[in-house]
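Down below is the structure, laid out as structure tokens.
Quick note on labels: first sequence line is chain A, next is B, and so on, each numbered from 1. No experiment lies behind these values; they were computed from the predicted model shown.
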2 protein chains.
Amino acid sequence: MLEKKDKFLKSERCPVRNILDRFGDKWSTLVILVLNEEQKLRFNELHRVIGDISQKMLTVTLRNLEADGLVSRKVFAEIPPRVEYQLTDIGKSLVPHISGLITWADDNFSSILESRSSYQQKKKN
Amino acid sequence: MLEKKDKFLKSERCPVRNILDRFGDKWSTLVILVLNEEQKLRFNELHRVIGDISQKMLTVTLRNLEADGLVSRKVFAEIPPRVEYQLTDIGKSLVPHISGLITWADDNFSSILESRSSYQQKKKN
DNA sequence: TCTTTGAGTTACCAAAAGTAAGTAACAAAC
DNA sequence: GTTTGTTACTTACTTTTGGTAACTCAAAGA
């Protein structure tokens with residue numbers, strides 16, 4: 001019990017674990033990338049662009065990114081409501097590192113797909 | 001304009017979404033980092049080093065990484081069993097990109113923590 | 001009056017992950 | 001010769017997380 005709590009606190013304080021937990025939610029990275037491409041987007045625009053995120057998870061993801069200071073949220077006092085999201089400077093500073101991953105993904109995607117299908121073959125034997 | 005990106009992002013064959021889904025599971029990245037530091041590890045060693053991963057999820061994560069060709073699995077015909085995991089060349093080629101993220105995390109961790117606590121304050125008002 | 005609009009919330013259900021116990025195979029200890 | 005210990009997993013069960021669809025608010029337009 002103590003041990004478990006200890007580990008929990010440890011990962012709370014560890015920058016590595018902390019940032020990995022942020023990426024461990026499947027939507028944050030994607031939202032950052034989309035906001036980086038479009039500069040400024042309203043809630044429903046983000047929803048449409050990403051396509052397969054639920055409203056609920058888009059809300060949660062944006063709130064977390066806002067809480068971490070990576071995304072800014074600007075509410076206009078209009079009806080119907082208008083809310084604009086965009087990356088903060090810190091949010092923008094993260095983008096190049098994600099882009100590195102994306103480049104890697106592009107370069108190695110076919111190799112990974114091959115590996116996956118040959119792994120499936122092996123499993124059948 | 002938005003619709004084109006919509007299709008692109010939704011596609012199962014999209015390298016971006018594919019790699020993000022890989023990182024969207026919370027353990028793969030950490031396993032890769034640990035294997036990179038230690039070169040070669042047995043199942044229980046990985047389990048101990050990571051600490052708060054369950055055996056089940058360690059198994060699942062390692063199988064996925066193996067399927068994708070990022071990690072190799074070497075079984076020795078011994079009793080008790082011995083299985084060694086290590087990064088493949090492709091797995092190793094991914095590490096620098098993850099390291100970029102880690103560096104960013106270290107540099108911006110205090111800023112993020114500050115942002116989080118001031119966000120909590122705002123919520124109370 | 002009724003519908004539409006944008007940015008969410010909420011209640012309910014499905015999927016993913018955590019927990020704890022079990023399994024296989026054999027060697028060593030009792 | 002039965003029990004214990006070792007390692008790398010499975011499996012059954014529970015909890016947490018995420019998805020779905022309906023609902024809300026307040027005003028503008030038909």
Side-chain angles (χ1 to χ4, degrees), chain A residues 1-8 10-12 17 20-31 34-35 38 40-67 71-86 119 122-123, chain B residues 2 9-10 12 17 20-31 34-35 38 40-67 71-86 122-123:
Chain A
M1 260 185 282
L2 272 176
E3 209 182 35
K4 199 177 173 185
K5 196 176 184 181
D6 209 18
K7 283 172 187 166
F8 181 70
K10 202 167 121 192
S11 66
E12 286 292 293
R17 290 304 298 276
L20 289 181
D21 284 349
R22 200 22 92 252
F23 286 90
D25 85 349
K26 62 191 271 196
W27 296 115
S28 297
T29 313
L30 196 55
V31 168
V34 169
L35 281 177
E38 305 284 342
K40 183 185 295 185
L41 285 176
R42 300 174 63 172
F43 184 88
N44 277 347
E45 289 174 334
L46 269 165
H47 193 215
R48 271 197 304 280
V49 172
I50 297 181
D52 56 348
I53 192 174
S54 64
Q55 284 188 316
K56 178 180 158 186
M57 286 317 295
L58 182 53
T59 304
V60 170
T61 303
L62 287 169
R63 289 292 174 283
N64 286 338
L65 291 173
E66 191 196 356
V71 161
S72 71
R73 179 171 182 271
K74 193 170 176 182
V75 183
F76 296 82
E78 303 171 0
I79 300 278
R82 181 156 61 106
V83 180
E84 286 179 354
Y85 293 94
Q86 61 183 319
Y119 185 83
K122 261 203 292 185
K123 270 180 68 178
Chain B
L2 293 181
L9 288 167
K10 268 203 249 181
E12 298 296 313
R17 289 304 299 276
L20 288 181
D21 284 348
R22 206 11 100 251
F23 286 90
D25 85 351
K26 62 192 271 194
W27 296 116
S28 297
T29 314
L30 195 55
V31 168
V34 169
L35 281 177
E38 305 284 342
K40 183 186 294 185
L41 285 175
R42 298 175 64 173
F43 184 88
N44 278 348
E45 289 172 335
L46 269 165
H47 193 215
R48 271 196 304 279
V49 171
I50 296 180
D52 55 347
I53 191 174
S54 64
Q55 285 188 319
K56 177 180 155 186
M57 285 318 295
L58 182 53
T59 304
V60 170
T61 303
L62 286 169
R63 290 291 175 283
N64 285 337
L65 291 173
E66 192 196 354
V71 161
S72 71
R73 180 171 181 270
K74 192 170 176 184
V75 183
F76 296 82
E78 301 173 3
I79 300 280
R82 181 156 62 107
V83 180
E84 286 180 353
Y85 293 94
Q86 60 182 321
K122 261 202 293 184
K123 269 180 69 178

With rounding to the nearest 0.5 angstrom, report the [atom1] to [atom2] distance, [X] to [Y].
X	Y	atom1	atom2	answer
B/Asp21	B/Asn64	CG	CG	11.0 Å
B/Lys26	A/Arg17	NZ	CZ	7.5 Å
B/Ser72	B/Leu65	OG	CG	11.0 Å
A/Leu30	A/Ile50	CG	CD1	4.5 Å
B/Glu38	B/Glu45	CD	CD	8.0 Å

**Asked** Which pairs count as side-chain hydrogen bond (donor to acceptor under 3.5 Å, both in side chains) when at least one residue sits in residues 53-62 of chain A, sequence neighbours excluded?
**Response** none

**Asked** What residues, two or more places apart in sequence or in another chain, satisfy salt bridge (Lys or Arg N to Asp or Glu O under 4.0 Å) together with B/Arg82?
**Response** B/Glu78, B/Glu84

**Residues forming a salt bridge (Lys or Arg N to Asp or Glu O under 4.0 Å) with A/Arg22, sequence neighbours excluded** =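 Testing A/Arg22 for salt bridge (Lys or Arg N to Asp or Glu O under 4.0 Å), a comparison that skips the adjacent residues, returns A/Asp68.
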
**Request:** Verify side chain to side chain contact (heavy atoms under 4.5 Å, CB included) between A/Tyr85 and A/Val31, making sure each step is shown before the conclusion.
**Result:** CA-CA 10 Å; A/Tyr85 293 94; A/Val31 168; over 6 Å; no

**Request:** Using a 4.0 Å cut-off on protein heavy atoms (strictly under), produce a 5'-to-3' string for nucleotides 6-23 of chain D with B for base contact, S for backbone-only sugar-phosphate contact, and - for none.
**Result:** BBSBB-------BBB-B-

**Item:** Helical bend (five base pairs per end, nearest 10°) for the helix from C/dT1-D/dA30 to C/dC30-D/dG1
**Value:** 30°

**Message:** Output the rounded distance in Å from NE2 (A/His47) to P (C/dT5).
**Reply:** 16 Å

**Asked** Is any side-chain heavy atom of A/His47 closer than 4.5 Å to a side-chain heavy atom of A/Ile53?
**Response** yes

Below 3.5 Å is the cut-off: list the nitrogen or oxygen pairs between protein and nucleotides 2-4 of chain D, distance only.
none

